[in-house]
2 protein chains.
Amino acid sequence: MAATIRDVAKAAGVTIGTVSRALNNYEDVNIHTRERIQRVARELGYRPNQMARCLSSKHMKRIALILSGFLEDTMLNDFETMLMKGIYQFASEHDIDIAMYVINSTTQLEKSYEQLCYEYNIAGAILFGLKTTDPYCEALPVSSRPCVTIDTELSGEHISNVTLDDVAAFDELTQYLIDRGHRNIVLVHGRKNAMVSMERLAGAYQAFERNGLKLTHDNIIYTNFHREEALSGVNEYFKTHSPDSVTAFLCMSDMLAIGTIEALKAMGRRVPEDYSVVGYDGLEVTNYTDPKITTVDQNIKQKGYEAARLLCDMLNGVRPAQKLVLPHTLVERGSVKDLAQK
Amino acid sequence: MAATIRDVAKAAGVTIGTVSRALNNYEDVNIHTRERIQRVARELGYRPNQMARCLSSKHMKRIALILSGFLEDTMLNDFETMLMKGIYQFASEHDIDIAMYVINSTTQLEKSYEQLCYEYNIAGAILFGLKTTDPYCEALPVSSRPCVTIDTELSGEHISNVTLDDVAAFDELTQYLIDRGHRNIVLVHGRKNAMVSMERLAGAYQAFERNGLKLTHDNIIYTNFHREEALSGVNEYFKTHSPDSVTAFLCMSDMLAIGTIEALKAMGRRVPEDYSVVGYDGLEVTNYTDPKITTVDQNIKQKGYEAARLLCDMLNGVRPAQKLVLPHTLVERGSVKDLAQK
DNA sequence: AGACATAACAAAAACGTTTTTGGCGAGAGG
DNA sequence: CCTCTCGCCAAAAACGTTTTTGTTATGTCT
């Protein structure tokens, strides 16, 4: 059986309170005693039980990563994984441990945010995957626990958001196509009521307007972010439109771009020679397709890292709640043809 | 503040002990009292604090997922994610919660397996990513805690393994190529000392032998499982071999297949028309490449699910430690040409 | 009727920490 | 010499549960 604090106390000839204060580097324990205790603890291989720790202590609570919709098959594994890598990267660098909980819209109804936090002694949380209609979106702003939402805009005294400027990024992506001579652009749209879709639409609209182009229902293909829908959507599109009515496809996600390219190839068209396609997200997979897809990298791993840092800073009171907008990166690969270039 | 067991006790006019036994459905509490307590608990939104719970109770401990090497950039994100999905799937179905810990070879030295388990009240664990040289590989067999290793063969009284028959699967994959008329096959090899590489090599060797083919260093390209190494490896290969000295590339992983295809394409060759390529793992990404890659699906999600189930069964004493070999699936896609077919 | 089992709960111990409060001796200031 | 502070540590309370042990009333058997 592993050593407890009591074993250390007995071996060092002090009480458990002194051991605790010695190991936590309190001031009021003599330097010699402290060192003796630390030596004994090391010799016994003592490690404080974390359960007991955060039970007793007021401020030794845990930080959590709460993932919503993780189990639903969105095909976007990369997102959560990258996020987790960023978060655990920070955690390992700062020797903190984070607890992960997977929830969904249903479990949010069964167990409130406060209940969840209380149940697991959660001092602060990072939340990802929240839909605007989710119950937790109402609970977070009124909670006294600091939290950081990723890709979800929520305001409150103790809420920070880590996002990127989706509007600007998508504007930039659209402009990128326009700059390369594309005037007839079809937008492959994501889930209609999703916040991200709305923002990206706004970005596209903004760029279209600025360049005197029109964005109408006629040149939008609607999907729910699934690859297959882009595939069938593109096929549908060409049933009512001539092949040369469009030169580029502006997709709201990489997966949609993959579906679009697949459809075009199946029709015997080449990318980017016949049609240009751009994606959005910066998934690893865009490196492995043919052609490699030009996309906007969301730097999701960095998002995770920054979210973790922000949360810890908030918990330590060294940084106020804030809205952090991370930079995005337009990654030029090989799926776009420059029409201007002769 | 959330309700504690004391609040429930007071509101129901009983002691906390009775509340605990009532909520945990013990026999020795009157049916009426029990129902009253449960009603009060519901009204107060009471949820037992899990930290306190597993501190006090002997058998209310936690099950853990211990991931080694998660933060190292292996580009195999899909693996861990799929695994986690399987595990959390089981967890959500059975209302148990699992704690995740990410470690690596270094942290294994700093904190022993037993210390880790004691520190976090872990009753049993699922381990993934263990290298054969890792310290935990010696600790697990002598531990009294049940555990399940995934893709790592370890024997011990309380150790189960969930694996697939790598040898047979790779044999089957090799035979698949041979059956389609391929005689000149180049093996794209993974990390040399890795267990999985050795097993897959054995499978390939076995199939080669059976068909009277020779597997020599001359037709093996060595890599460390990285895509770039396959890419450069294939280029190197053709510097010393004529283009028609080979018809198929047998890759030990999907990533290697992706790199191989990329190299071939860059040389102006077509897949599968000029060269056939097969992968191994069944990553989602093999669906998005061009051509889609024929591969062996490891059913990693199911591995996670079964591992979780097995561990729980072991903890509940309803299933002994065992070596579980899950089925694999050869997935035919479009990266192999049938030479026999005219 | 007396001994004894049983149902149903109360009371208290235990889990392993952190934190608060108490106490004692030594040195300092008046 | 008396008090006051302070360094240092012991003692005990607290965290929120589960589990063990005790107790009381009620019934059952001989």
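Since the structure is predicted, the reported quantities are computational estimates derived from the model, not experimental observations. Every chain is numbered from 1, with letters handed out A, B, ... down the list of sequences.
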Could you identify which residues of residues 11-25 of chain A place a heavy atom less than 4.0 Å from some atom of DNA chain C, listed by residue number, or say none?
A:Ile16, A:Gly17, A:Ser20, A:Arg21, A:Asn24
Base of C:dT18, side chain of A:Ser57 - is there a donor-acceptor contact under 3.5 Å?
no
Pairs under 3.5 Å (N/O, protein and nucleotides 25-27 of chain C):
none

Under the side-chain hydrogen bond (donor to acceptor under 3.5 Å, both in side chains) test, residues paired with A:Gln302 that sit two or more places apart
none
Would you please name every residue forming a side-chain hydrogen bond (donor to acceptor under 3.5 Å, both in side chains) with B:Asn49, sequence neighbours left out?
A:Asn121
d([atom1], [X]; [atom2], [N]) in whole Å:
{"X": "A:Asn49", "N": "D:dC15", "atom1": "CG", "atom2": "P", "result": "18 Å"}
{"X": "A:Met51", "N": "C:dG16", "atom1": "CE", "atom2": "C1'", "result": "11 Å"}
{"X": "A:Arg6", "N": "C:dA14", "atom1": "CZ", "atom2": "C1'", "result": "9 Å"}

When the ring planes of A:Phe79 and A:Phe128 are compared, do they come out parallel, tilted or perpendicular, using 30° and 60° as the limits?
parallel
Taking only residues two or more places apart in sequence or in another chain, which ones pass salt bridge (Lys or Arg N to Asp or Glu O under 4.0 Å) with A:Asp95?
none
Quick one: which of D:dT18, C:dT17, C:dT18 gets closest to the side chain of B:Ile5?
D:dT18
Among residues 26-41 of chain B, which residues get a heavy atom nearer than 4.0 Å to DNA chain D?
B:Tyr26
Given side chains that start at C-beta, do those of A:Leu65 and A:Tyr101 come closer than 4.5 Å, heavy atoms only?
no
Within the 4.5 Å heavy-atom criterion, are A:Ile37 and A:Leu23 side-chain neighbours or not?
yes
Reckon B:Tyr120 has a side-chain N or O less than 4.0 Å from the OP1 or OP2 of C:dG16?
no
At what distance, to the nearest 0.5 angstrom, does NZ of B:Lys323 lie from CD1 of B:Ile159?
7.5 Å
